[in-house]
Amino acid sequence: MKTTLIVTAIAALSFPLLTNAADYGNYKGSGGMSAYAIKANVYEYHYDNGFTGGDAMGWDPNLQFAWSRIAAASACGVTVDRAKVMAALQAEYDQDPMTQEIVGIGFHEAQIKANKQFCTAERVAAVTQRVPSLEDGSFEKPFK
C-alpha cells in the first residue's frame with residue numbers, strides 16, 4: 001500500500017515535467033477566442049490547429065492563418081517586409097490596410113506578445129521558413 005502511494009505521488013509530481021509546448025490544458029478547442037481575456041493556451045491551440053468556426057470571429061480561417069503567421073514573425077523577431085505583405089494581403093483578401101493591420105495582424109501580435117512562452121524554437125523556425133511565401137503573396141490555405 002505504501003509503495004503504491006509513493007509511486008503514485010512521484011508520478012503525479014513528475015507529470016508537469018513530461019508535458020510539452022502542445023499542452024493546451026483543459027481547453028477543448030472551441031469558443032475560447034471569444035473570451036474577453038484570451039488565455040495563452042487557447043491562443044496557442046488555435047495558432048497550432050486553426051482559427052475556425054466561431055473562433056475565426058467571422059473572418060476567413062485562411063486569412064486568420066496568414067495574419068497569425070505575419071504577427072508571429074514580427075513578435076518573435078523574424079524579419080518580414082511588412083509593405084510587401086500588406087500589398088499581398090490587400091490583393092488576395094480585399095480588406096483595407098487598416099483592417100489588415102489592426103483587426104488582423106495587430107490582434108494576433110498582441111496575443112503572441114502577451115505570452116512569453118509563445119516563440120518556441122519550432123514556431124520561430126516554421127514562421128521563418130514561411131516568410132518568403134507571405135511576402136510574395138503565396139498564402140497557404142490549409143482550411144476549406
Side-chain angles (χ1 to χ4, degrees), residues 5-144:
L5 288 174
I6 291 171
V7 170
T8 303
I10 291 171
L13 291 172
S14 300
F15 181 72
L17 302 175
L18 302 175
T19 60
N20 60 26
D23 177 17
Y24 307 113
N26 62 355
Y27 183 61
K28 303 295 183 212
S30 180
M33 291 302 295
S34 62
Y36 176 75
I38 299 167
K39 294 180 179 177
N41 65 316
V42 170
Y43 185 80
E44 285 186 17
Y45 175 91
H46 289 290
Y47 182 89
D48 293 343
N49 297 288
F51 300 90
T52 58
D55 292 299
M57 305 302 291
W59 296 98
D60 178 339
N62 292 307
L63 178 56
Q64 289 278 14
F65 184 85
W67 283 341
S68 66
R69 274 40 187 193
I70 296 162
S74 181
C76 297
V78 176
T79 302
V80 60
D81 186 329
R82 197 72 155 232
K84 284 174 108 175
V85 168
M86 293 301 289
L89 280 170
Q90 175 87 22
E92 182 71 21
Y93 290 102
D94 196 33
Q95 298 293 329
D96 65 88
M98 182 175 262
T99 299
Q100 301 282 6
E101 191 67 55
I102 296 172
V103 175
I105 299 165
F107 166 79
H108 286 280
E109 195 167 349
Q111 297 304 314
I112 293 167
K113 285 181 175 180
N115 178 358
K116 301 296 181 210
Q117 307 303 311
F118 185 86
C119 295
T120 63
E122 294 83 12
R123 285 193 182 114
V124 170
V127 80
T128 299
Q129 185 177 13
R130 189 169 275 120
V131 164
S133 296
L134 294 169
E135 290 175 338
D136 74 14
S138 300
F139 296 108
E140 194 174 335
K141 295 189 177 169
F143 308 102
K144 297 191 185 319

Checklist line | Nearest-0.5 Å distance, CD1 of residue Ile38 to NE2 of residue His46 | finding: 9.0 Å
Next item on the list: Search all heavy atoms of Ile112 against all heavy atoms of Ala71 and return the closest pair with its distance.
Entry: CD1-C, 3.9 Å
Note to self: Just so I know, are the side chains of Phe118 and Gln111 near enough to count as touching, which here means a heavy-atom distance under 4.5 Å?
What the structure shows: no
Check: Which atom names give the shortest non-hydrogen contact between Val127 and Ala73, and what distance separates them?
Finding: CG2-N, 3.8 Å
Next item on the list: State the CD1-CG distance between Ile105 and Leu89, to the nearest 0.5 angstrom.
Entry: 5.5 Å
Checklist line | Distance in Å, Asp60 CG paired with Lys141 NZ, rounded so as to fall on 0.5 Å steps | finding: 7.5 Å
Next item on the list: Among Asp136, Ile70, Val131, find the residue that satisfies the side chain to side chain contact (heavy atoms under 4.5 Å, CB included) test when tested with Val85.
Entry: Ile70
Next item on the list: Determine the minimum heavy-atom distance between Cys76 and Val124, stating which atoms define it.
Entry: CB-CG2, 3.8 Å
Notebook entry, point to check: Short question: side chain of Glu135, backbone of Lys84 - any donor-acceptor pair under 3.5 Å?
Noted result: no
Checklist line | Stepwise side-chain contact (heavy atoms from CB on, under 4.5 Å) test for Thr99 and Trp59 | finding: CA-CA 11 Å; Thr99 299; Trp59 296 98; 3.5 Å; yes
Notebook entry, point to check: How many angstroms lie between CG in Asn41 and CD in Gln117, if you round to the nearest 0.5 Å?
Noted result: 12.5 Å
Checklist line | Atom pair CG (Asp94) and CG (Leu63), whose distance is rounded to the nearest 0.5 Å | finding: 11.0 Å
Check: How close do Gly137 and Ala88 get, heavy atom to heavy atom, and via which atoms?
Finding: CA-CB, 3.5 Å
Note to self: Is any side-chain heavy atom of Arg123 closer than 4.5 Å to one of Tyr47?
What the structure shows: yes
Item checked: Cation-pi geometry met for Arg130 and Phe139 (6.0 Å, 45°) -> no
Margin query: Just to verify, which of Tyr45, Tyr43, Phe107 counts as forming a ring-ring contact (aromatic ring centres under 6.0 Å, His included) with Phe51?
Written below: Tyr43
Checklist line | Heavy-atom side-chain contact between Gln64 and Met33 under 4.5 Å | finding: no
Margin query: So, taking the atom named OG in Ser68 and the one named CD in Glu109, what distance separates them when rounded to the nearest 0.5 Å?
Written below: 12.0 Å
Check: Is the CG atom of Asp96 crowded by more than 12 outside heavy atoms at less than 6.0 Å?
Finding: yes
Notebook entry, point to check: Mind checking whether Arg82 and Ser74 have side chains closer than 4.5 Å, heavy atoms only?
Noted result: yes
